[in-house]
> 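Dumping the structure here so I can ask a few things about it.
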Amino acid sequence: MDRIFGIDLGTTNSVIAYTDPTAATEVIAGQDGNRIVPSVVYFGKDGSQLVGMSARQRAIIEPERVAMLFKRGMGEKSFLDNEAPFVVDGKTWSPEELSASVLKKLALMAQERFGEPVRKVVITVPAYFGDNERAATKSAGEIAGLEVVHIVNEPTAAAIAHGLDNASAGRILVFDLGGGTFDVTVMEVASDGSMKVLATGGDRRLGGMDFDNLILAKMIATARQGGLDVETEPWARQDAYGKAEALKKELSTLETASTSLTGSGRPLPFELTRAQFEKLIRDKVTATEDTTLYTLELAGLQPSDIGTVLMVGGSSRIPAFQKMLERVCGRPPLFSRNLDEDVARGAAMLAAKEGQDLDPRTALARMPKPVDVCSHGLGITALNDEMELRNFIMINAQTPVPVDDVADTFNTVDEGQNEVEIKLNEGDEEDLEFVKQLGKSTGSFGRGVPKGYPIKVTMSYDRAGMIEVNAYDGQTGTHMCKLKVPRPGNLSKAQVANAAALYRNTKVS
Amino acid sequence: MVATREKWEATSTLPRPATYEQMLEFFGIPPATPDALDANIAKKRRQWNHKSNSGNPAGRAKAAEVLKLIQNVSQAVKRGVLDDQGGGAEAEIPATVFETLEQLWRILSEYVFADEYDDALRVAREAVNRWHNADAASALAWVVTSVVNVSGFAHPQLLAEGLAAAEFAAREQPGEVRNWESTASLLLASSRPQDAAAAIDQADRATGGRATAMLYLLRTRAMATLKRPDEAMTAAVRAVTKAQPGVAAAIRSEATDILASWAASLLPVRSNADLTRYAELIGVAAWCAYGVPEAEDRVRPYRMWAINAGKRVFVGSDRMRSFLAVITGFISLPIHNYLRSQPAWQVFVEGMGKEVTAHFIIVAAPAYVQRIHNVNLGLAFGNS
């Protein structure tokens with residue numbers, strides 16, 4: 001029986017863990033002793049790849065050959081701010097392929113630990129990731145030669161690792177602020193330990209690296225006033241960025257931190273107080289507060305309804321966020337036992353449940369498996385009473401999957417209308433500007449029908465992620481058209497297969 | 001699960017400049033009472049923050065712009081309101097940080113260029129409280145003008161404070177052009193274009209004819225607000241010709257925007273007189289835009305309409321025309337063509353909302369025509 005590993009594929013750091021049949025969980029370290037692997041890939045001139053800390057160090061000297069923060073582009077064509085492709089030696093690397101490099105590195109670490117190849121994994125994703133992003137994550141696993149048994153929400157994994165899978169936990173708010181993404185999830189734990197997600201929210205482009213960039217901007221401005229230019233040379237900027245990150249971390253425990261900037265051949269002292277740092281990130285703190293309150297609103301809850309507030313992710317160490325949560329929820333938050341590793345631990349525990357050799361006497365064996373849910377609403381484009389095009393949601397977010405034949409009736413809008421166009425959308429808003437169209441299909445009545453003629457539309461969503469929409473003549477029941485949309489990813493099946501073949505022969509270390 | 005969204009929560013635009021009442025309406029006051037301002041700002045911001053994470057990139061971009069607008073407007077409605085001690089928020093800087101005027105300007109410039117307007121206001125007010133002279137007033141007026149120009153919105157108390165400082169500085173230092181620029185700018189922001197124009201005339205006299213490009217630009221805006229096109233166009237041309245090299249592109253771009261926006265407000269053209277005025281404005285706007293690519297791009301579709309809107313389009317029956325032509329030996333053809341044709345603008349205006357005809361398609365199908373008229377007619381070609 002293949003071992004199944006749990007992987008936290010993070011924006012800035014990734015971790016792999018394994019839970020054995022006795023329910024003991026181990027976070028796996030590499031040969032260098034590090035359990036946390038920076039999600040950074042360096043492309044060597046010989047075609048090999050370096051992943052982790054050594055790749056990150058190369059970013060100072062050869063930034064153009066180093067990829068980082070690619071999780072922000074999962075499900076999209078590019079992860080760079082200007083939407084340009086990431087190209088090295090004439091080849092464009094997609095976020096899926098770069099993630100595959102990290103996965104392959106993690107798999108190698110586990111292989112070295114256990115002496116056998118890794119074949120099956122459970123990978124975590126932010127709770128608000130849509131189908132596109134989840135499919136892209138799965139593609140990344142396939143490219144790395146891994147079978148992705150399950151995609152699990154990060155807050156769920158964190159809550160399980162923290163031991164919140166018991167009825168006393170009640171309603172939980174998980175605040176996950178990592179290196180590149182921010183995730184808020186409101187969950188309810190039932191008496192049998194099963195967890196139900198009530199609402200999710202987040203920001204795919206908010207995390208520790210944004211705070212680093214704010215400090216970096218202040219460093220650059222200060223350096224300029226001191227006659228120092230850290231921007232013209234890539235290595236100087238990269239060096240300053242690393243120092244900005246170090247200052248940020250120091251300010252979680254100290255009131256003042258200092259470093260020296262280098263550029264134009266000379267050093268310049270730079271000091272930052274915690275108060276100054278908190279002023280820099282004030283808007284970001286407000287944004288996370290907004291998201292937290294809005295997510296509670298979506299769940300139909302007040303802050304006082306929350307029994308436990310759990311903070312996860314490295315950036316949760318920043319005191320400003322802890323103070324904000326305490327003020328909003330009226331109680332000090334709990335911290336994940338290991339902010340950087342608990343998501344992977346939780347993923348490993350859930351991976352053990354997917355396997356079949358877990359000791360039935362363990363609490364983990366008795367814990368119900370988390371239910372797959374629809375991460376976002378699914379709807380159809382139609383006209384409302386004011387004749388405005390709107391998204392009509394047929395399957396709400398957080399609905400357990402599979403969903404069979406949810407039905408709704410729509411009507412024709414014109415006299416003599418003889419066809420109808422079905423447009424399927426993913427998103428929770430009525431306004432079409434804020435939803436993503438997944439596909440469309442056209443069906444014909446075969447004749448002109450009067451205005452107000454009924455059209456029956458059914459929608460299904462199966463465990464494999466296939467969404468199927470059917471339209472029927474509302475009076476005769478005749479089938480008009482079908483729209484089938486698999487969990488879309490950015491890469492086609494052929495592209496994934498080609499990439500997987502490439503990766504089989506690519507040296508990753 | 002979510003409470004029904006109110007209409008004001010979804011509004012995503014606000015005119016510039018906006019009145020204080022319009023800014024409050026943006027945050028749902030009324031129907032809410034003024035003490036609900038903070039809660040409503042937070043409510044609107046939360047909703048748009050959520051939208052900024054939608055799966056649709058265009059939606060995300062729009063939400064990001066609206067969030068910026070919410071920030072600008074919320075700062076404007078709250079900024080500049082003096083507390084009982086005569087200051088704004090709690091001061092973070094010691095009172096002795098500046099000793100000379102040069103130091104004051106350096107500090108204010110740093111704050112303004114770093115978008116730290118609250119700090120800039122605080123320092124400027126500190127200067128006024130300490131020195132009570134025209135130099136300090138001039139600095140305060142400049143800061144207030146910068147705040148208003150960047151965000152486009154301002155609390156009436158802040159406007160009044162800035163204007164008082166600007167007018168005092170202009171009286172005491174009439175040769176200093178900056179004081180007049182602040183005065184005119186703040187008068188315009190206070191919806192007093194007539195007074196702004198008068199201040200600019202006064203500036204020209206007081207400075208011995210050294211009115212700057214910026215002053216002429218402000219005059220262009222004032223005349224546009226007063227709907228005096230000839231004076232607006234004259235002022236725009238003067239602004240462009242007086243502009244120094246370093247700011248010429250910006251002046252040209254701004255002048256183009258003012259005139260093009262005015263011309264756009266005249267659409268759809270409903271008479272030949274309208275067309276003449278529209279074409280004049282666009283002609284001058286195009287001249288202002290010369291050499292500034294983005295300004296040229298902005299004015300191009302309007303210019304195309306100015307050229308084509310007056311062209312005559314045959315709207316009669318082709319069959320009748322052919323018949324008459326044949327029976328009259330083609331003598332009637334040019335007369336018939338003229339009698340049965342209309343200018344393109346008329347075909348467009350009269351055809352809107354009616355059954356689509358071939359003539360209407362000829363005029364209205366090009367994408368630029370629909371874009372400048374803000375309509376999507378779903379015609380067969382040239383549409384996006």
Side-chain angles (χ1 to χ4, degrees), chain A residues 75-77 83 126 128-133 181-184 186 198-206 217-218 221 225 275-276 279 283 286-301 375-377 391 396-398 425-438, chain B residues 1-7 9-13 38-68 70-72 74-75 78 89-93 106-107 109-119 122 376 378:
Chain A
E76 295 176 19
K77 293 268 187 267
E83 294 184 5
Y128 65 81
F129 255 21
D131 273 354
N132 214 31
E133 292 93 331
T181 56
F182 166 57
D183 210 334
V184 171
V186 178
L198 299 177
T200 65
D203 190 334
R204 63 190 67 219
R205 286 178 182 260
L206 175 61
K218 193 162 176 70
Q225 285 175 346
Q276 288 170 325
K279 190 178 173 189
D283 286 349
T286 302
T288 59
E289 181 178 344
D290 282 346
T291 303
T292 302
L293 288 169
Y294 195 88
T295 307
L296 281 167
E297 216 180 297
L298 284 178
L301 298 174
S375 59
H376 291 286
N391 177 40
N396 287 312
Q398 317 312 332
N425 306 312
E426 179 187 59
D428 306 307
E429 299 280 339
E430 280 185 8
D431 190 333
L432 290 170
E433 265 189 299
F434 302 100
V435 299
K436 183 193 277 192
Q437 191 182 105
L438 296 182
Chain B
M1 277 198 212
V2 180
T4 311
R5 297 284 169 211
E6 296 179 59
K7 211 168 176 181
E9 291 181 61
T11 51
S12 57
T13 56
D38 281 345
N40 280 10
I41 289 171
K43 201 173 178 190
K44 185 157 186 158
R45 194 184 58 230
R46 282 199 295 269
Q47 204 201 130
W48 283 93
N49 185 42
H50 181 77
K51 287 183 197 290
S52 71
N53 284 288
S54 81
N56 187 326
R60 286 203 294 270
K62 178 178 174 175
E65 280 179 23
V66 176
L67 280 171
K68 208 168 167 195
I70 291 171
Q71 186 179 33
N72 281 342
S74 63
Q75 283 174 349
K78 287 156 62 171
E90 185 184 321
E92 287 176 11
I93 44 149
R106 183 177 53 76
I107 290 166
S109 302
E110 281 172 10
Y111 277 139
V112 166
F113 294 135
D115 296 336
E116 292 176 14
Y117 299 108
D118 291 328
D119 290 326
R122 197 165 40 245
N376 183 347

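Quantities reported herein were computed from a predicted structural model and do not represent experimental measurements. Letters A, B, ... mirror the listed sequences (proteins, then strands); counts begin at 1. We use all heavy atoms of the structure for the numbers below, so side chains are in, but hydrogens, waters and symmetry mates are not.
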> Is the shortest heavy-atom distance from the side chain of Asn53(B) to the side chain of Arg204(A) under 4.5 Å?
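Of all side-chain heavy-atom pairs linking Arg204(A) with Asn53(B), at least one is under 4.5 Å.
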> To the nearest 0.5 Å, tell me how far Thr286(A) OG1 sits from Arg46(B) CZ.
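If we round to the nearest 0.5 Å, Thr286(A):OG1 and Arg46(B):CZ are 11.5 Å apart.
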> If you count heavy-atom pairs within less than 4.5 Å of chain B, which of Gly202(A), Ala221(A), Gly427(A) leads?
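Looking at each of Gly202(A), Ala221(A), Gly427(A) in turn, Gly202(A) comes out on top.
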> Could you pull out the closest heavy-atom pair between His50(B) and Leu298(A), with the gap in Å?
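Smallest heavy-atom distance, with atoms named: CE1-CD1, 3.9 Å.
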> Name the one of Asp290(A), Asp203(A), Thr291(A) that satisfies side-chain hydrogen bond (donor to acceptor under 3.5 Å, both in side chains) with Asn49(B)?
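The side-chain hydrogen bond (donor to acceptor under 3.5 Å, both in side chains) with Asn49(B) is passed solely by Thr291(A) among Asp290(A), Asp203(A), Thr291(A).
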> Measure Leu432(A) against the heavy atoms of chain B and call it side chain, backbone, both or neither at under 4.5 Å.
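Backbone of Leu432(A) only, per the 4.5 Å heavy-atom cut-off to chain B.
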> Tell me, side chain or backbone of Gln47(B) under 4.5 Å from chain A's heavy atoms, or both, or neither?
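It is both, since atoms from each part get that close.
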> Would you check if the distance from the ring center of Phe434(A) to the ring center of Trp48(B) is below 6.0 Å?
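Yes; Trp48(B) has its ring centre under 6.0 Å from that of Phe434(A).
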> Applying side chain to side chain donor-acceptor pair (under 3.5 Å), can you list everything that pairs with Asp115(B), at least two apart in sequence or on another chain?
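Once residues adjacent in sequence are excluded, the partners of Asp115(B) under the side chain to side chain donor-acceptor pair (under 3.5 Å) criterion are Tyr117(B).
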> Tell me, for Lys62(B) versus chain A, whether the close heavy atoms (under 4.5 Å) come from the side chain, the backbone, both or neither.
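It is the side chain, since no backbone atom gets that close.
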> Determine whether more than 12 heavy atoms belonging to other residues, nucleotides or ligands lie under 6.0 Å from atom CD of Glu430(A).
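No, the 6.0 Å shell around CD holds no more than 12 heavy atoms from other groups.
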> With a 4.5 angstrom heavy-atom cut-off, could you sort out which part of Asp283(A) is near chain B: side chain, backbone, both or neither?
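Only the side chain of Asp283(A) comes within 4.5 Å of chain B.
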> Which region of Glu429(A), side chain (C-beta onward) or backbone (N, CA, C, O), has a non-hydrogen atom less than 4.5 Å from a non-hydrogen atom of chain B, or is it both or neither?
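For Glu429(A), side-chain heavy atoms alone lie under 4.5 Å from chain B.
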